[in-house]
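First the proteins, then the strands, lettered A, B, ... as listed; each starts at 1. Only heavy atoms go into these numbers, but all of them, side chains included; no hydrogens, no water, no symmetry mates.
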Protein chains: 2
Amino acid sequence: MNDSSDAPARSGRAARLDDVAVIAGVAKSTVSRVMSGEATLSVRAETRQRILAIAAELGYQPDSRARALRLRRTHTLGIVVPEIDNPAFGTIIRSAQKAAVARGYSLFISLADKDQPDGELYRRLVAGSRVDGVLVTTTSDPALVAELRRRAISYVLVNRESPGETASIIVDYVDGTVRAVAHLAGLGHRRLALISGPLGQYTGRKRLEGFRRGLAAAGLPFDPDLVAECNYGWEEAGDALAAMLSAPGGPPTAVCAANAVVASGTIARARRLGLAVPDDLSVVALLDGPLAAMSAPAITAMQYPFEELGRLAVNALIDNLEDDTEVAGRTLPPLGLAERESTYAIDPL
Amino acid sequence: MNDSSDAPARSGRAARLDDVAVIAGVAKSTVSRVMSGEATLSVRAETRQRILAIAAELGYQPDSRARALRLRRTHTLGIVVPEIDNPAFGTIIRSAQKAAVARGYSLFISLADKDQPDGELYRRLVAGSRVDGVLVTTTSDPALVAELRRRAISYVLVNRESPGETASIIVDYVDGTVRAVAHLAGLGHRRLALISGPLGQYTGRKRLEGFRRGLAAAGLPFDPDLVAECNYGWEEAGDALAAMLSAPGGPPTAVCAANAVVASGTIARARRLGLAVPDDLSVVALLDGPLAAMSAPAITAMQYPFEELGRLAVNALIDNLEDDTEVAGRTLPPLGLAERESTYAIDPL
DNA sequence: CTGTTAGCGCTTTCAT
DNA sequence: ATGAAAGCGCTAACAG
């Protein structure tokens, strides 16, 4: 920030295209052409230099509102996320913003919560043409998708699927879960439990599907008593574990927890109940997070390419916006299992 | 989302003010007046009803770009945050967005990181009049503040202070730290350590100040060997502790850790080194976070009113924007210490 | 190579 | 109580 050159000392009003034009002694359109940066196109080098110099001196910045109005494009993408604390969403947002900025777009992030439900937020974003397109990460509500389509807003579903919808870029939760189950089965566990998030939600359904398929692949029976929902709470996870310990078919020797928080809650409760982890109970988190590595014992967890997810979604959306390319669905395979300390081979005795 | 009434089935183009006017058989200005919702002002109730009905049927939404251009106001506030994963920032953003929406504004959130440094992001936000004002949470860089001032952009410093700057709403980190030290001193500890974030940054400086004042208040000496920086890393926190254990003046019996992550890293390393927490070493986190309650032992931590912080900052900013009220600085006291399991009275022997 | 002109969709005097 | 008209700051034909 060099104070000498770029400060329009006599401030008060931001410089406009017109100001630059008048001082440079050219028409607005010429300045516009230069500012748009059509490098080679029809402006004498000398004029260009002069205009650029004056613009810089005035600290001129095109007014994005006027530009948006004229161009019928805001160069802004919207995203609404449910929980900002969730590390997976943090990664997605970060990579999405980075990818957007790299292509000259801004990312308008909105946080959903009880007071600002996602439907309302999408509408705020989309109404009044605030954004050119949206990344949908919170819901697979077909009505919302239908509305976007009706309003002719470009969108891509990020880690969500909707029936009949192809513009969906997701991470393969079922494969990841299958692999986590395989890991446990490989360690000799035969009674596996699943402490899941809400089974009614997309991720919950996917993980349950993976759990069942993993069990089947290992030739293990599925016991409904060993599946519980916990709404991603630390305490609730413990409650779920406690309830399972007295399952008719016997307690589990290993549990697949929805994410690191759920795994942590499960482990804490196990310990309070006198069960050592991993000796008496193995625990794997179906979704890694910073907490997993900071726990004692450190939690073995499945990792996914969320960074890539955000990047691909943004690029697909912008391609669609600019070249009218169809958004092609993609499914990204899991990165793999970070093996840490919370799983243990079952005593062969 | 009622499909029957609000769908302009024959879509293709969003309805404009003009469309409504033509159908209603009135002038654009009349529609504009009605839509602005000047409840009582000079429009016959009957006309108003008719217009409203047509607007609803067409799904008319004023174009925010055109509105912004005409009104010279975007009704959008900007905020750039350093780390989205930091729970304190999560809380601030959430409450700020909520407060903004409540007053008819949107919050444009930007994430700073190595690739998108904060200065650049502020410029993106402010250049081109994308936002009416900004919440500055990342820096106290006087040059940035000077630039905002020069461009006549309203701003408020959130949890940051800058010399000569009064528009600063902060949480009292020094008092909170003083209290944490008092807690430890009250437990009989006499050799206290501080494992801080970067001492060059605002929060680091504040916490060091609080640490020294707390020590002084308890009549305890300050030993520079018992202060370390760790850049908020889990591993680094452990390294810092390890180094302190061989301090010339003897090892500490209690440590004040910058935040929950640092506290967790400290505890993990202590344990690895054969020290029991809290029996051999007490640890308090100077800043609470979800991790603190999920750790074993659960970490005693200082809490601050971040929700209130975000709300107050947004309201002060909007007041300034709308009524040209001076933004008055505020300092919010800490909420208090959440006493959990990581601190222990020192053996009086 | 550069200037002139006509809007983008909205709000707001100023008339009527 | 309502309408006509003038822009907000910019870009994109179209002329020259």
Side-chain angles (χ1 to χ4, degrees), chain A residues 12-52 54-55 58-76 104 126-130 132 151, chain B residues 13-52 54-55 58-76 104 126-132 151:
Chain A
R13 182 173 64 62
R16 289 162 313 177
L17 190 57
D18 212 51
D19 301 327
V20 179
V22 168
I23 298 186
V26 297
K28 296 193 306 178
S29 48
T30 305
V31 179
S32 175
R33 277 189 276 256
V34 170
M35 298 309 293
S36 323
E38 312 175 29
T40 54
L41 219 50
S42 36
V43 168
R44 222 169 43 201
E46 188 221 329
T47 330
R48 166 188 307 282
Q49 292 316 323
R50 187 157 36 97
I51 290 175
L52 253 19
I54 292 172
L58 259 41
Y60 170 68
Q61 289 290 140
D63 184 313
S64 68
R65 298 165 299 186
R67 222 145 183 279
L69 180 58
R70 178 67 231 233
L71 264 8
R72 333 189 98 247
R73 278 280 153 94
T74 57
H75 287 274
T76 299
V126 161
S129 313
R130 240 172 239 288
D132 296 336
R151 288 191 183 258
Chain B
R13 185 173 62 63
R16 289 163 314 178
L17 189 57
D18 211 53
D19 300 328
V20 180
V22 168
I23 299 186
V26 297
K28 296 194 305 180
S29 45
T30 306
V31 180
S32 175
R33 279 189 274 256
V34 171
M35 296 309 293
S36 323
E38 312 176 30
T40 55
L41 220 51
S42 37
V43 167
R44 223 169 41 202
E46 188 221 328
T47 327
R48 165 188 309 283
Q49 293 315 322
R50 188 156 34 97
I51 290 175
L52 253 18
I54 293 172
L58 258 41
Y60 169 70
Q61 288 289 141
D63 184 312
S64 67
R65 298 164 300 184
R67 222 145 184 282
L69 181 58
R70 177 69 232 229
L71 264 8
R72 334 191 94 245
R73 277 281 153 93
T74 56
H75 287 273
T76 299
V126 161
S129 313
R130 241 171 235 290
V131 300
D132 296 337
R151 288 191 183 259

Engineer: Is Thr30(A) near enough to dT2(C) that one of its side-chain N or O atoms lies under 4.0 angstrom from OP1 or OP2?
Structural biologist: no
Engineer: Rounded to the nearest Å, what distance is computed from the CE atom of residue Met35(B) to the P atom of nucleotide dT12(C)?
Structural biologist: 14 Å
Engineer: Can you check the Leu69(A) CG to dC8(D) P distance for me, whole Å?
Structural biologist: 13 Å
Engineer: Could you state the CG-P distance from Asp63(B) to dG7(C), rounded to the nearest angstrom?
Structural biologist: 18 Å
Engineer: Testing the basics here: between Ala127(A) and Gln61(B), what is the closest heavy-atom pair and its distance to 0.1 Å?
Structural biologist: CB-NE2, 3.4 Å
Engineer: So Gly25(A), base contact, sugar-phosphate only, or nothing? Heavy-atom distance under 4.0 Å.
Structural biologist: sugar-phosphate
Engineer: Calculate the interatomic distance between Ile51(A) atom CD1 and dC1(C) atom P; express it in whole Å.
Structural biologist: 13 Å
Engineer: Has Arg70(A) got a side-chain N or O lying under 4.0 Å from the OP1 or OP2 atom of dA12(D)?
Structural biologist: no
Engineer: Let's test your reading of the model: under 3.5 Å, does the base of dT11(C) pair with the side chain of Ser36(B) as donor and acceptor?
Structural biologist: no
Engineer: Name the atoms and distances for all side-chain donor-acceptor pairs under 3.5 Å in residues 17-26 of chain A, with sequence neighbours left out.
Structural biologist:
residue, atom, partner, partner atom, Å
Asp19(A), OD2, Arg13(A), NH1, 3.2
Asp19(A), OD2, Arg16(A), N, 2.7

Engineer: Which sits closer to the 5' end of DNA chain D, Leu17(A) or Val26(B), going by the nucleotide each is nearest to?
Structural biologist: Val26(B)
Engineer: How long is the line joining CG of Leu71(A) and P of dA13(D), in whole Å?
Structural biologist: 11 Å
Engineer: What is the distance, rounded to the nearest whole Å, between atom CD of Gln49(B) and atom C1' of dA1(D)?
Structural biologist: 16 Å
Engineer: OP1, OP2 of dT2(C) versus side-chain N and O of Thr47(A): anything below 4.0 Å?
Structural biologist: yes
Engineer: Shortest non-hydrogen contact from Arg65(B) to Arg73(A)?
Structural biologist: NH1-N, 3.6 Å
Engineer: Roughly, in whole Å, what's the span from CZ in Arg65(A) to C1' in dC10(D)?
Structural biologist: 11 Å
Engineer: For Thr76(B), enumerate each residue passing the side chain to side chain contact (heavy atoms under 4.5 Å, CB included) test, keeping only those at least two apart in sequence or located in another chain.
Structural biologist: Phe108(A), Arg130(A), Thr74(B), Ser106(B), Phe108(B), Val131(B)
Engineer: Would you indicate which nucleotide in dC10(C), dA13(D), dT2(D) comes nearest to any side-chain atom of Arg67(B)?
Structural biologist: dC10(C)
Engineer: Report the nucleotide, chosen from dT4(C), dC10(D), dG3(D), that has the shortest atom-to-atom distance to any side-chain atom of Ala27(A).
Structural biologist: dT4(C)
Engineer: Nearest of dG3(C), dC10(C), dA5(D) to any side-chain atom of Lys28(B)?
Structural biologist: dC10(C)
Engineer: I'd like to know if Ser32(A) reaches the base of dA12(D) with its side chain such that a donor and an acceptor end up less than 3.5 angstrom apart.
Structural biologist: no
Engineer: dT2(C) phosphate, OP1 or OP2: any side-chain N/O from Arg44(A) under 4.0 angstrom?
Structural biologist: yes
Engineer: Under a 4.5 Å cut-off applied to non-hydrogen side-chain atoms, are Ile54(B) and Arg50(B) in contact?
Structural biologist: yes
Engineer: Quick one: Glu46(A) CD to dC1(C) P, roughly how many Å, whole number?
Structural biologist: 12 Å
